[in-house]
A.B. asks: 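Provided herewith is a single structure, encoded as structure tokens, for subsequent inquiry.
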Amino acid sequence: MTLSPAEIAERSEAVAPRLREHLPPTPFVRYDAFSDEVGAHVLVKSEHLQRTGSFKARGSMAKILTLTDEQRAAGVVTASTGNHGLGVGNALATLGGHGIVYLPENASPSKVAALRRFGLEIRAEGNDSGVLEPKARAYAAEHDLTYVPPYNDPDVVAGQGTVAVEILEQLAGEPLDAVVVAVGGGGLISGIASVLKKHLPEIRVYGASPVRDDAMAASVRAGEIVLVDAQSTLSDGTAGSVEPGSITFDLCRELVDEWVLVSEDAISAGLRMVIDTEHQLIEGSAAMAFAAVRERRAELAGKRVAVVSCGGNISSKTLAAALA
């Protein structure tokens, strides 16, 4: 099902009250030191403090809320690099049900451990979500189970859009000039941009991706979904190919105004900056959004900028390597 940005925004606003029953709003606060550094008024939506440590709790909860008790009991299937699987696990623990998650073999150990605590059945195959997603879909279809996509689903995208519903409430009428969001499959930025552009049509939407794995940005440049020669990246939460036919491709092509490709050194520097100045633990995909602001500081100077700190699930081993 393909929906317009206006229809996604309508769904986000409709599901927001239901999500709030299970997922409390996250802080939206100014980072003073970073604001001073880049010469902008930077407000951070702290999804790294979300239940499960990631915004993914929203989209998975929104999707699973649409299922019947019988569908949840029969079982759901998903594919994830980690954070979406945690969201599915949390939703099932809250609402009831059983889940199977297809996971990359190189998934973060801390995320794998958390998935096991939720009682999810884990199937590790390959290292690319573009391979895992078709396998998970096929298994769900073969066994008459519900597939919960990580991004290629209107309910999932609408759930991620509730980040922007909260941002608008927390702005309390104050202006906002730009928003910077990490991009993997595009569900988060599609939902956020759909809501924000409905209410703030002049806002500039920046999509941040790692140089080493920029599948959505490369697809938008090509005018069609393409495979990229991806390498490992500290931004493991955005890693992997874009599923063919994904609804997020057209949404990203329409809604994202600027693409910012970020180096691994810049991601590490963003991670260190947040730890040193705000004493907050974030993961690489969140650090990438801060790095993107640094990359575009000249054009963002003097503006009010929202940065979506999308997750905080990072293993001690990965953190130590990034800080070395």
Side-chain angles (χ1 to χ4, degrees), residues 1 3 8 11-12 14-15 18-19 21-23 50-105 107-108 111-126 128-162 184-188 190-191 237 240-248 311 313:
M1 180 191 302
L3 297 182
I8 292 290
R11 284 196 179 202
S12 294
V15 78
R18 295 193 67 196
L19 287 195
E21 296 175 15
H22 308 291
L23 301 172
Q50 180 58 264
R51 190 165 295 166
T52 77
S54 164
F55 75 94
K56 290 284 192 176
R58 296 174 182 268
S60 50
M61 182 69 77
K63 179 63 176 180
I64 290 173
L65 278 169
T66 70
L67 306 183
T68 65
D69 292 343
E70 291 74 19
Q71 287 174 312
R72 295 196 308 273
V76 305
V77 184
T78 193
S80 172
T81 58
N83 283 338
H84 174 65
L86 292 173
V88 170
N90 176 69
L92 292 174
T94 301
L95 302 172
H98 167 70
I100 299 170
V101 57
Y102 281 74
L103 202 68
E105 293 172 355
S108 164
K111 292 177 183 177
V112 174
L115 288 165
R116 293 193 189 281
R117 286 194 295 273
F118 276 124
L120 293 172
E121 181 181 336
I122 295 174
R123 300 189 179 183
E125 298 188 33
D128 188 335
S129 62
V131 174
L132 294 175
E133 288 169 37
K135 287 186 176 182
R137 278 190 184 275
Y139 183 88
E142 181 182 352
H143 294 85
D144 197 25
L145 303 176
T146 302
Y147 179 62
V148 181
Y151 55 85
N152 185 15
D153 181 273
D155 294 309
V156 172
V157 174
Q160 318 305 24
T162 63
L188 179 62
S190 294
S241 305
V242 179
E243 185 177 34
S246 177
I247 64 170
T248 55
N313 293 322

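Atoms considered below: every heavy atom in the structure, side chains included; atoms not considered: hydrogens, waters and symmetry mates. Remember, predicted model here, so these are calculated numbers, not experimental data.
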A.B. asks: Do you know the tightest heavy-atom contact between Ser12 and Gly161?
C.D. replies: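 That closest heavy-atom pairing would be OG-CA, 3.5 Å.
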A.B. asks: Please tell me if the side chains of Pro154 and Ile247 come closer than 4.5 Å, counting only heavy atoms from C-beta onward.
C.D. replies: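 Touching, per the 4.5 Å side-chain cut-off.
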A.B. asks: Going by the rule side chain to side chain donor-acceptor pair (under 3.5 Å), which residues pair with Thr248 if we only count those two or more places apart in sequence or in a different chain?
C.D. replies: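 By the side chain to side chain donor-acceptor pair (under 3.5 Å) rule, Thr248 matches Ser246.
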A.B. asks: Can you check side chain to side chain contact (heavy atoms under 4.5 Å, CB included) on Ile64 and Thr146, steps first, answer last?
C.D. replies: CA-CA 9 Å; Ile64 290 173; Thr146 302; over 6 Å; no
A.B. asks: Side chains of Thr162 and Leu23: does their closest heavy-atom pair fall under 4.5 Å?
C.D. replies: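 A side-chain contact under 4.5 Å is absent here.
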A.B. asks: Please identify each residue that fulfils side chain to side chain donor-acceptor pair (under 3.5 Å) with Asn313, with sequence neighbours left out.
C.D. replies: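 By the side chain to side chain donor-acceptor pair (under 3.5 Å) rule, Asn313 matches Asn83.
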A.B. asks: Could you tell me the separation between the CD1 atom of Ile122 and the CG atom of Leu115, rounded to the nearest 0.5 Å?
C.D. replies: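 Ile122 atom CD1 to Leu115 atom CG measures 5.0 Å (nearest 0.5 Å).
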A.B. asks: With Asp144, which residues qualify under side chain to side chain donor-acceptor pair (under 3.5 Å), at least two apart?
C.D. replies: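 Side chain to side chain donor-acceptor pair (under 3.5 Å) list for Asp144, sorted by chain: empty.
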A.B. asks: Look only at the side chain of Ser190 and the backbone of Gly187, and say whether a donor-acceptor pair between them is shorter than 3.5 Å.
C.D. replies: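 No, because the side chain of Ser190 does not come within donor-acceptor range (under 3.5 Å) of the backbone of Gly187.
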A.B. asks: Could you list the donor-acceptor pairs under 3.5 angstrom formed between side-chain atoms of residues 96-105 and any protein atom two or more places apart in sequence or on another chain?
C.D. replies:
unit_1, atom_1, unit_2, atom_2, d
Tyr102, OH, Arg123, NH1, 3.4
Glu105, OE2, Gly126, N, 3.4

A.B. asks: What's the shortest heavy-atom distance between Gly87 and Ser60, and which atoms?
C.D. replies: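 Shortest heavy-atom contact: C-OG, 2.9 Å.
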A.B. asks: Between Glu133 (side chain) and Ala79 (backbone), is there a donor-acceptor pair under 3.5 Å?
C.D. replies: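 Side chain of Glu133 to backbone of Ala79, a donor-acceptor pair under 3.5 Å: no, none is there.
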A.B. asks: Taking side chain to side chain donor-acceptor pair (under 3.5 Å) as the definition, give me every residue that meets it alongside Thr78, ordered by chain and number, with sequence neighbours left out.
C.D. replies: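 Thr78 satisfies side chain to side chain donor-acceptor pair (under 3.5 Å) with His84 only.
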A.B. asks: Quick test of your reading: applying salt bridge (charged side-chain N to carboxylate O under 4.0 Å, His left out), list the pairs with at least one residue in residues 72-93, sequence neighbours left out, ordered by first then second residue.
C.D. replies: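 Qualifying pairs, neighbours excluded: Asp69-Arg72.
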A.B. asks: Between CG of Leu86 and CZ of Phe118, what distance do you get to the nearest 0.5 Å?
C.D. replies: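 Reported to 0.5 Å precision, the distance equals 6.0 Å.
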A.B. asks: Quick one: side-chain contact (heavy atoms from CB on, under 4.5 Å) partners of His22, sequence neighbours excluded?
C.D. replies: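 Partners of His22 under the side-chain contact (heavy atoms from CB on, under 4.5 Å) test: Met61, Leu65, Thr94, Leu95.
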A.B. asks: With side chain to side chain contact (heavy atoms under 4.5 Å, CB included) as the test, would you mind laying out the steps for Gln71 and Val76 before giving the verdict?
C.D. replies: CA-CA 8 Å; Gln71 287 174 312; Val76 305; over 6 Å; no
A.B. asks: What distance separates Gln160 CD from Tyr151 OH, expressed to the nearest 0.5 Å?
C.D. replies: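 So the gap between those two atoms works out to 12.5 Å.
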A.B. asks: Using atom types as modelled and distance alone, determine if a side-chain donor or acceptor of Lys56 lies under 3.5 Å from a backbone N or O of Gly85.
C.D. replies: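 Judged by distance alone, no pair lies under 3.5 Å.
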A.B. asks: What pairs meet the salt bridge (charged side-chain N to carboxylate O under 4.0 Å, His left out) rule with one or both residues in residues 146-161, with sequence neighbours excluded?
C.D. replies: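 Residue pairs passing salt bridge (charged side-chain N to carboxylate O under 4.0 Å, His left out), neighbours aside: Arg11-Asp155, Lys63-Asp153, Lys63-Asp155.
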